[in-house]
Structure formats: structure tokens, C-alpha cells
> 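Take a look at the following structure, please.
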Amino acid sequence: MTEDDWPQVWPFFDEIVRAGETYAYPLDLTSEQARALWTMRPPGQTVVLEEGGRVLGSATMGPNRPGRGSHVGTASFMVSGEARGRGVGRRLGEHVVQWHREQGFRAIQFNAVVETNTAAVRLWQSLGFRIIGTVPAAFDSTAHGLVGLHVMHLPLV
Ligand SMILES: CC(C)(COP(=O)(O)OP(=O)(O)OC[C@H]1O[C@@H](n2cnc3c(N)ncnc32)[C@H](O)[C@@H]1OP(=O)(O)O)[C@@H](O)C(=O)NCCC(=O)NCCS
């Protein structure tokens, strides 16, 4: 993701956070604050998937913890509402797994997958991730109230 891509990412970032179903970011972020949160610095990175100059989705990736936790990676994904169900999320997920393998990570851990986000849970399971456990009532969903957050894990070695 370059600085020029952000104006196309921000509208779906904002829409996804405001929808209140998938991410526990602050609810009053400005575009600049959101850009700072979504832009991973090396050794991590943030990518976009675009088609004909139109950004359809974005993913962040990098070490889940610094120092002695840095051999386990993590990632976040957002696909624009109009582009969903066309394989964009799957392609970004495949890229993230491949990137972690190439960088020598030993595993990928998703820290907070909302249990009612069935599209995401099924997608990550189909890429080989397993639900390690669920933190009860850790997410306040607009539609479902208090729901659990799955920790999902994919070993790479
Ligand atoms: C989750 C998300 C990234 C999926 O992206 P997408 O581009 O719509 O997903 P894809 O088109 O690649 O679909 C991949 C798989 O997801 C699942 N899926 C997608 N939409 C679904 C839906 N509405 N219901 C159930 N499963 C669904 C299917 O298992 C699908 O498998 P298939 O390829 O065999 O059909 C996207 O919906 C999104 O950005 N949601 C809001 C933010 C979010 O939840 N991010 C992830 C947080 S963990």
C-alpha cells in the first residue's frame, strides 16, 4: 500500500469499523489516525489488492509480538463492501500465508476473530487455521451484543 492508495482504503476501513461487527478499533478515528494504525512498518507490511486502479481490499501483516514473540506473525484484512464474495479476501489470505512462509515465520496467529463473523471464520479455516480458543464476551457487536473473540492459529513448520 502506498500513500496514494490510502484515499481508496479509508472509505471501506471507516465503513467496516462503524458497522461494529468485526474490528475493535476506536470509533472516532480520523483518516490520518486510521492510516497510521493500518500502515505496518518493516519488518511488517500493508498491501492492497487492486483491479484496474481500483482498490478492492487491503491486508496488514507482520510479527504478532516483538522480540521473543517475533517468530509468530499476525495479519488483518478488509475488503470493500462492493467487492466481497469475489475471492478478494481469499487471495489476500493466501498472500499473507505465503509472505509469512517466505519470511521464515513459524506460525500465524489471529488474535481477535469475532465469532459471529462467519465469512471470516470459514475463510481462515479453509486456509488451514484452527480455533485455539475463544475469549468469551470480548467484543460488543452492534447486531449480536457481547460475543466471543476467537484466537486462530496456523503452524507453518
Ligand atoms: C472477511 C472478508 C475479508 C472476506 O473477504 P471476501 O473477499 O468477501 O471473501 P472471498 O470472496 O474471498 O470468500 C472466501 C470465502 O469466505 C467465505 N465467505 C465469504 N463471504 C461469505 C458469506 N457472506 N457467508 C459465509 N461465508 C462467506 C466463504 O468460505 C468463501 O469461500 P469460497 O471461496 O469457497 O466461496 C470480508 O468479508 C471483509 O472484509 N469483511 C469485513 C472485515 C473483516 O471481517 N475482516 C476480517 C476480520 S478477521
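Counting starts at 1 for both ligands and their atoms, in listed order.
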> Starting from atom 23 (N) of ligand 1, locate the nearest protein heavy atom and write down its residue, its atom name and how far away it is, to 0.1 Å.
Ala119 CB, 4.3 Å
> Report the residue from Leu56, Val79, Leu49, Val96 that forms a side-chain contact (heavy atoms from CB on, under 4.5 Å) with Arg91.
Leu49
> Can Val151 be reached from Val147 by stepping across I, L, V, M, F, W or Y side chains whose heavy atoms are under 4.5 Å apart?
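In one cluster: no.
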> What atoms in ligand 1 come closer than 4.0 Å to a heavy atom of Gly89?
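Answer, ordered by atom number: 5 (O), 6 (P), 7 (O), 9 (O), 12 (O).
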> Tell me: protein heavy atom nearest atom 48 (S) of ligand 1, and distance?
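Atom 48 (S) of ligand 1 sits closest to the protein heavy atom Trp124 NE1, 3.4 Å.
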> Residues two or more places apart in sequence or in another chain: which of them pass salt bridge (Lys or Arg N to Asp or Glu O under 4.0 Å) with Glu51?
Arg86
> Can you tell which part of Val79 has a heavy atom less than 4.0 Å from ligand 1: side chain, backbone, both or neither?
both
> Could you tell me, atom by atom, which parts of ligand 1 come under 4.0 Å of a heavy atom of Met78?
39 (O)
> Counting both backbone and side chain atoms, is some N or O of Ile16 under 3.5 Å from an N or O of ligand 1?
no
> For ligand 1, is any non-hydrogen atom under 4.0 Å from Phe110's backbone (N, CA, C, O), its side chain (CB onward), both, or neither?
neither
> Short list, please: which atoms of ligand 1 are under 4.0 Å from a heavy atom of Asn117?
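The list of qualifying atoms is 43 (C), 44 (O), 47 (C).
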> Which protein non-hydrogen atom lies closest to atom 25 (C) of ligand 1, naming both residue and atom, and how far is it?
Arg122 NH1, 3.5 Å
> One residue to check: Arg84. Relative to ligand 1, which of side chain, backbone, both or neither has a non-hydrogen atom less than 4.0 Å away?
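Both backbone and side chain of Arg84 come within 4.0 Å of ligand 1.
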> Against heavy atoms of Arg86, which atoms of ligand 1 measure under 4.0 Å?
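Contacts of ligand 1 toward Arg86, numbered from 1: 11 (O).
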> For atom 42 (C) of ligand 1, which of Leu56, Thr22, Val17 has the closest heavy atom?
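Of the listed residues, Thr22 has the closest heavy atom.
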> Show me which atoms of ligand 1 lie under 4.0 Å from any heavy atom of Arg90.
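By the 4.0 Å cutoff, the relevant atoms are 12 (O), 15 (C), 31 (O), 32 (P), 33 (O), 34 (O).
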> For the residue pair Tyr25 and Phe13, categorise the inter-ring angle as parallel (less than 30°), tilted (30 to 60°) or perpendicular (more than 60°).
tilted
> Under 4.0 angstrom from ligand 1, any heavy atom of Tyr23?
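Right, Tyr23 reaches ligand 1.
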> Would you tell me whether Ser141 and Glu21 have side-chain atoms, one donor and one acceptor, within less than 3.5 Å of each other?
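A donor-acceptor contact under 3.5 Å links the two side chains.
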> Less than 3.5 Å apart, any donor N or O on the side chain of Ser58 or Trp38 sitting next to an acceptor on the other?
yes
> Determine whether more than 12 heavy atoms belonging to other residues, nucleotides or ligands lie under 6.0 Å from atom CZ of Arg84.
yes
> With a 4.0 Å cut-off, strictly under, does atom 35 (O) of ligand 1 pick up any protein heavy atom?
no
> Are a donor atom and an acceptor atom from the side chains of Gln98 and Glu102 found within less than 3.5 Å of each other?
yes
> Which of the atoms in ligand 1, numbered in the order shown and given with their element, are less than 4.0 Å from a heavy-atom of Phe77?
42 (C), 43 (C), 45 (N), 46 (C)
> Would you say Thr142's side chain and Ala19's backbone share a donor-acceptor pair under 3.5 angstrom?
yes
> Considering all protein heavy atoms, does one lie under 4.0 Å from atom 15 (C) of ligand 1?
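Yes, at least one protein heavy atom sits under 4.0 Å from atom 15 (C) of ligand 1.
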> So, do Trp99 and Gln45 sit near enough that their side-chain heavy atoms are less than 4.5 Å apart?
yes
> How about Arg90 and Ser126: does a side-chain donor come under 3.5 Å of a side-chain acceptor?
yes
> Counting from 1, what ligand 1 atoms have a heavy atom of Gly87 closer than 4.0 Å?
10 (P), 11 (O), 12 (O)
> Quick one: nearest non-hydrogen protein atom to atom 4 (C) of ligand 1, plus distance?
Leu123 CD2, 4.0 Å
> Is it true that Glu115 and Asn117 share a donor-acceptor pair across their side chains at a distance under 3.5 Å?
no
> At less than 4.0 angstrom from any non-hydrogen atom of Gly85, what atoms of ligand 1 do you find?
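Answer, ordered by atom number: 6 (P), 7 (O), 8 (O), 11 (O).
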> Determine whether the side chain, the backbone, both or neither of Val88 has a heavy atom under 4.0 Å from any heavy atom of ligand 1.
both
> State which residues pass salt bridge (Lys or Arg N to Asp or Glu O under 4.0 Å) with Arg54; sequence neighbours excluded, sorted by chain then number.
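Glu82.
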